[in-house]
Every structure is written in structure tokens, then in C-alpha cells.
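A quick write-up on the structure given underneath.
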2 protein chains.
Amino acid sequence: MATYSDIQDWLRTGIREGRWRAGDRLPSEAELCLQFSVSRMTVNRALRELQHAGLVRREQGRGSFVAPLERVAARLELRDLHQDAAERGHHHEAEVLGLRAEPASADCAHALGLRRGQRVFFCQLLHREQGVPLQLESRWVVPSAAPAFLEQDFGRQTPTAYLLQVAPLTAAQYQIEAVAASPEEASCLGLEAGEPCLLVQRLSHGAAGPVSWARLLHRRYVLQGSFTA
Amino acid sequence: MATYSDIQDWLRTGIREGRWRAGDRLPSEAELCLQFSVSRMTVNRALRELQHAGLVRREQGRGSFVAPLERVAARLELRDLHQDAAERGHHHEAEVLGLRAEPASADCAHALGLRRGQRVFFCQLLHREQGVPLQLESRWVVPSAAPAFLEQDFGRQTPTAYLLQVAPLTAAQYQIEAVAASPEEASCLGLEAGEPCLLVQRLSHGAAGPVSWARLLHRRYVLQGSFTA
DNA sequence: CAGTGGTCTAGACCACTAC
DNA sequence: TAGTGGTCTAGACCACTGA
């Protein structure tokens with residue numbers, strides 16, 4: 001008995017092996033029904049999911065086609081450092097360099113949807129993995145989203161984890177670039193001033209609006225990923 | 001008449017507005033069938049797709065739950081620069097700095113599955129968008145995967161686009177990091193030596209094995225993305 | 001055991017495309 | 001008009017969970 005994933009396997013293999021090339025028409029749903037002796041719903045699901053995966057393009061009235069693989073895509077995940085380290089079997093620790101309320105700068109206010117000078121919570125942490133400095137985290141938090149933020153011990157639980165608890169994430173934006181470390185940043189991370197660092201900036205939104213803006217500066221960090229047809 | 005996307009909208013809204021929080025149990029398929037007066041297949045599809053989107057976790061025999069949004073994920077796409085610029089309505093041009101066959105270095109041979117010293121094709125291009133240097137592309141290609149590579153005019157069609165044509169992509173791996181520009185690289189990109197650059201390295205595989213290894217060095221480039229529940 | 005999700009069927013009606 | 005995909009139905013059997 002054939003299942004939808006048998007049909008997917010057969011199509012994936014054919015595409016991988018060049019039986020159909022980019023732009024070619026695939027067998028119609030009706031043809032696949034006959035070939036695999038399954039109902040149309042089953043074939044439809046197989047094709048629909050291949051479409052979501054980006055492997056197939058479907059057009060009503062015309063047919064299903066092999067999608068041009070013009071974009072290499074992969075899931076990029078920005079995760080809680082502590083979990084990340086734990087999954088690698090590494091030890092993670094965070095040193096709290098600062099934790100206070102301060103007036104919002106123009107940039108910060110803009111990102112968080114506040115007025116300039118309004119009170120925001122700020123924290124700065126140095127994360128180490130296996131004792132090696134890995135990330136300098138500077139974070140600004142909307143007080144109403146996490147009123148008890150300043151009373152937390154971020155040596156025990158990362159701000160990321162805490163905020164996910166008290167203000168579940170509904171959306172986020174990120175931005176990745178290469179920057180030169182300032183003298184202060186360099187000394188925290190154990191680098192020379194001016195050394196290139198990967199900077200990730202992330203704005204998190206909860207149900208009630210912006211929650212937190214984070215500036216994550218990494219020492220010799222490499223983002224990796226892969227993509228498979 | 002309710003459709004699967006009506007059900008998805010209702011669930012998404014409830015999750016966004018905090019009606020169900022991370023880990024909470026959602027209504028069962030049977031309950032949703034009654035509530036929306038639809039068949040179970042329709043409800044099932046709605047929930048299955050929310051699961052693929054990462055918003056819902058389903059467990060056989062237990063129920064459907066709001067997924068913990070512990071990872072901020074987004075599709076990272078590494079695309080053809082020319083198309084990318086075109087979609088922004090910008091002009092793109094590429095200057096060919098080098099195009100030749102050469103013996104594979106150890107790194108290159110390793111990445112491409114060749115022996116050291118074996119003949120590989122090499123090209124180096126400077127990409128400009130709106131006249132501004134944007135990316136320095138250095139690329140090594142397995143000759144058997146694209147025998148006519150050296151005869152192409154990469155001022156007209158990018159190597160990425162050409163290779164997608166002659167050796168459709170089946171898989172790729174990428175790696176993103178921050179590096180300092182070497183004096184040569186800096187002069188190409190119009191930077192000072194040592195300035196931080198975003199380096200993307202990408203290994204592409206076709207049906208017959210590794211096709212190409214690219215080293216893409218960017219000037220003041222920012223990768224951006226977003227994630228929405 | 002009852003309730004849950006995982007999957008499949010054999011029909012159906014519709015909108016769209018191409019001829 | 002014939003063929004395509006988009007969607008839905010009202011059942012069905014199964015594997016798994018928890019009481």
C-alpha cells in the first residue's frame with residue numbers, strides 16, 4: 001500500500017537524479033493516483049507538501065512543475081545560548097556586567113516603540129562556553145513587558161529564557177553583520193580592538209508589542225547551516 | 001462555510017493574543033470539527049500545517065499543544081545576487097577579475113572531493129550594485145560538473161545562475177562569519193585593510209556530487225530576516 | 001477503556017488553463 | 001471542452017496515551 005511519503009520519495013528521487021529537470025512538468029495528480037493506486041487526496045497531499053518544501057511549483061489548470069532551485073534556503077535559528085551549549089555537552093556560564101534602569105536612547109526608543117528618555121531596563125552579560133568568552137549580550141527591555149526584570153539573577157537563567165517565560169514571543173526580527181570590536185568590547189571578549197566580530201541584533205515582540213532589543217556580539221563565531229532538496 | 005485557513009487564523013490569533021500560552025493544549029480535532037462544522041480532514045490539515053510552521057506541537061494520543069517558541073527561526077536564503085538586485089530595482093554588474101584552471105589547494109580539494117593538485121576551474125568576480133562594490137566572489141568549480149565553465153561570460157550571467165542551469169542544485173552547506181579584509185580584498189571592495197567583512201562560504205552539490213565551492217566576501221552587508229508566529 | 005492524532009478512501013464541486 | 005489543481009466530505013482503520 002502506497003502512502004503520501006512513498007510518492008514524495010519517488011518524486012524527490014526522480015528530481016534528484018535528473019529524470020525531471022527544473023521547469024519540467026511532473027505527472028498530474030490523476031496519473032499519480034493510477035500509478036500508486038491511491039486516492040487523489042493522498043497524491044494531493046504529497047504534492048502540496050513538496051510545494052511547501054520549495055521543490056515543486058503548482059499551477060491551477062496547468063500542472064505541477066519542478067521548481068527552479070534558485071534560492072538556497074535553510075532555517076536560521078537564533079537560540080538561547082545556554083540550551084545551545086547544553087546540547088553540545090558544553091558548560092555555559094554568564095557573568096552579569098550590568099543590570100539597571102536607564103533612559104532610552106533614540107535608537108533604543110525607536111526600536112522598542114517608546115519615547116526617547118523613557119525608562120528602560122538594561123542588562124549586559126558576558127557569556128562563556130567552556131570558560132571561553134563567546135558572546136557579549138547587551139539588552140534593553142520594555143519595563144511593562146517584564147516588570148520584575150531587574151530582580152532576576154541572570155547568572156542562573158539567561159535573559160532570553162526568562163523573557164520567553166514571562167512574555168511569550170510572537171514575532172522577531174534579526175539582523176546579522178560584521179563589525180569591528182570597540183576597545184571595551186574587545187577587552188570583554190578577549191580580543192584586540194578592531195578585530196572583526198559577528199553582530200546579531202534582534203528585536204522581539206510579544207502579544208502586547210515590542211519586548212526587548214538585544215545586541216549580541218560574538219567572538220569568532222560561525223553560523224552554519226545546510227539545505228537539501 | 002469555514003475553510004482550513006479560517007481555522008488556522010482562529011488558532012493563530014488565539015495564540016498571538018495569549019488565549020493559549022506555550023505548552024497549553026489546544027482544542028482537539030473533534031472539538032474543532034464541531035465548532036467550525038467541517039470534516040476532520042479539514043481540521044487535520046489546518047493543524048498539520050501549523051505544526052510544519054512550528055507553531056503547534058502534536059502528539060499522537062495526547063493532543064495538540066502550543067509549541068514553545070524557544071527558537072527564533074527564519075528562512076535564510078542565499079540567493080543569486082543579480083536576481084536579488086533586480087528585485088530591489090537596482091542595477092547589478094559583475095567585473096571578471098580572473099577565470100582559469102588551476103591545481104586544487106588542499107582546502108579546495110577537500111571541500112570538492114578531489115585530490116590535491118587536481119585541475120579545478122577558478123573564477124573571481126567583483127559584484128557591484130548601483131555602482132558600489134558589494135561582493136567579492138571567489139569560486140572553485142569541479143570541471144566534470146561544468147566542462148564549459150571557462151568559456152562563459154560572467155559579466156552577463158553570474159556563475160551562480162550558470163551553474164544552476166548546467167548542474168541543478170540538490171544540496172548546499174553554508175557558513176557565515178566575520179573576517180578582516182586582506183589588503184587585496186580591501187582594495188577590490190573599496191575598504192581599508194582589516195575592516196570587518198561578512199564572509200559567506202557555500203558548498204553546492206549536484207546530483208553527481210560536489211559542484212562548486214564559493215567564498216563570498218561582502219562589504220557592509222547586512223543579512224536580515226524576521227519570524228512571525 | 002475512551003480519547004487522541006495519523007492516515008487513507010471515493011466521491012464531489014469549483015476555478016482556472018489551454019485548445 | 002477536457003484536463004488541471006484547490007478544496008471539502010463522511011466515513012474508516014490504526015497506533016498511541018492516560019486513566
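Nothing here was measured: the structure is a model prediction, and the numbers come from that model. Lettering of chains follows the sequences in order, A, B, ..., and the numbering in each one begins at 1.
By the side-chain hydrogen bond (donor to acceptor under 3.5 Å, both in side chains) test, R25(A) pairs with no residue at all, sequence neighbours left out. Taking the side-chain contact (heavy atoms from CB on, under 4.5 Å) definition, one finds that R21(B) meets it with P168(A), D24(B), sequence neighbours left out. Applying the side-chain contact (heavy atoms from CB on, under 4.5 Å) test to Q60(A) and every residue at least two apart in sequence or in another chain returns nothing. Scored by the salt bridge (charged side-chain N to carboxylate O under 4.0 Å, His left out) test, E177(B) finds no partners at all (sequence neighbours excluded). Legend: residues meeting side-chain contact (heavy atoms from CB on, under 4.5 Å) with E49(A), ordered by chain and number and at least two apart, are Y4(A), Q8(A), R45(A), R48(B), H52(B). A search for side-chain hydrogen bond (donor to acceptor under 3.5 Å, both in side chains) contacts involving S5(A) returns T3(A), not counting sequence neighbours. With sequence neighbours left out, the side-chain contact (heavy atoms from CB on, under 4.5 Å) criterion links A167(B) to V211(B).
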Heteroatom pairs (N/O) under 3.5 angstrom, protein to nucleotides 11-13 of chain D:
from, atom 1, to, atom 2, distance (Å)
dA12(D), N6, R40(B), NH1, 3.1

Can you name the atoms? Protein N/O to nucleotides 15-19 of chain C N/O, anything below 3.5 Å, with the distance.
from, atom 1, to, atom 2, distance (Å)
dC16(C), O4', Q60(A), OE1, 3.0
dA18(C), OP1, R62(A), NH1, 3.4

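Distances shorter than 4.0 Å separate none of the side-chain N or O atoms of T42(A) from OP1 or OP2 on dT7(C). For dT4(C), one of the phosphate oxygens OP1 or OP2 lies less than 4.0 angstrom from a side-chain nitrogen or oxygen of S28(B). Taking 4.0 angstrom as the limit, Y4(A) places none of its side-chain polar atoms (N or O) nearer than this to OP1 or OP2 of dC8(C). Proximity of R58(A) to the phosphate of dT4(D): no side-chain N or O atom is located under 4.0 Å from OP1 or OP2. Contact between the side-chain N/O atoms of S64(B) and the OP1/OP2 oxygens of dG5(C) is found at a separation under 4.0 Å.
Protein atom CG of D6(B) is 15 Å distant from nucleotide atom C1' of dG6(D), rounded to whole Å. When the P atom of dT7(D) is taken as reference, atom CG of N44(A) falls 8 Å away, rounded to whole Å. Remark: P of dT9(D) and CG of L34(B) are 13 Å apart, rounded to the nearest angstrom. Remark: P of dG6(C) and NE2 of H52(B) are 10 Å apart, rounded to the nearest angstrom. Between R45(B) atom CZ and dC8(C) atom P there is a gap of 15 Å when expressed in whole angstrom units. For the pair E49(B) CD and dC8(D) C1', the computed distance is 14 Å after rounding to whole Å. Atom CD of Q8(B) is separated from atom P of dC8(D) by 10 Å (rounded to the nearest Å). The separation between E31(B) atom CD and dT4(C) atom P is 6 Å, rounded to whole Å.
Within the structure, every pair that satisfies the salt bridge (Lys or Arg N to Asp or Glu O under 4.0 Å) test and touches residues 133-154 of chain B, not counting sequence neighbours, is listed here: E137(B)-R139(B). Judged as a salt bridge (Lys or Arg N to Asp or Glu O under 4.0 Å), the pairs with a partner in residues 204-220 of chain B (not counting sequence neighbours) are, in order, E185(B)-R215(B), E195(B)-R220(B).
In this structure, F149(A) has its ring center under 6.0 Å from that of F154(A). Aromatic pair F36(A)/W10(A): centroids less than 6.0 angstrom apart.
Residue L47(B) is the one, among S5(A) and L47(B), whose nearest nucleotide of DNA chain C lies closer to the 5' end (criterion: closest heavy atom).
In summary, E93(B) and R156(B) do not engage in a salt bridge, as defined by a charged side-chain N under 4.0 Å from a carboxylate O.
Note on the helix from dC1(C)-dG18(D) to dA18(C)-dT1(D): terminal axis deviation equals 10°, with five pairs used at each end and the result rounded to 10°.
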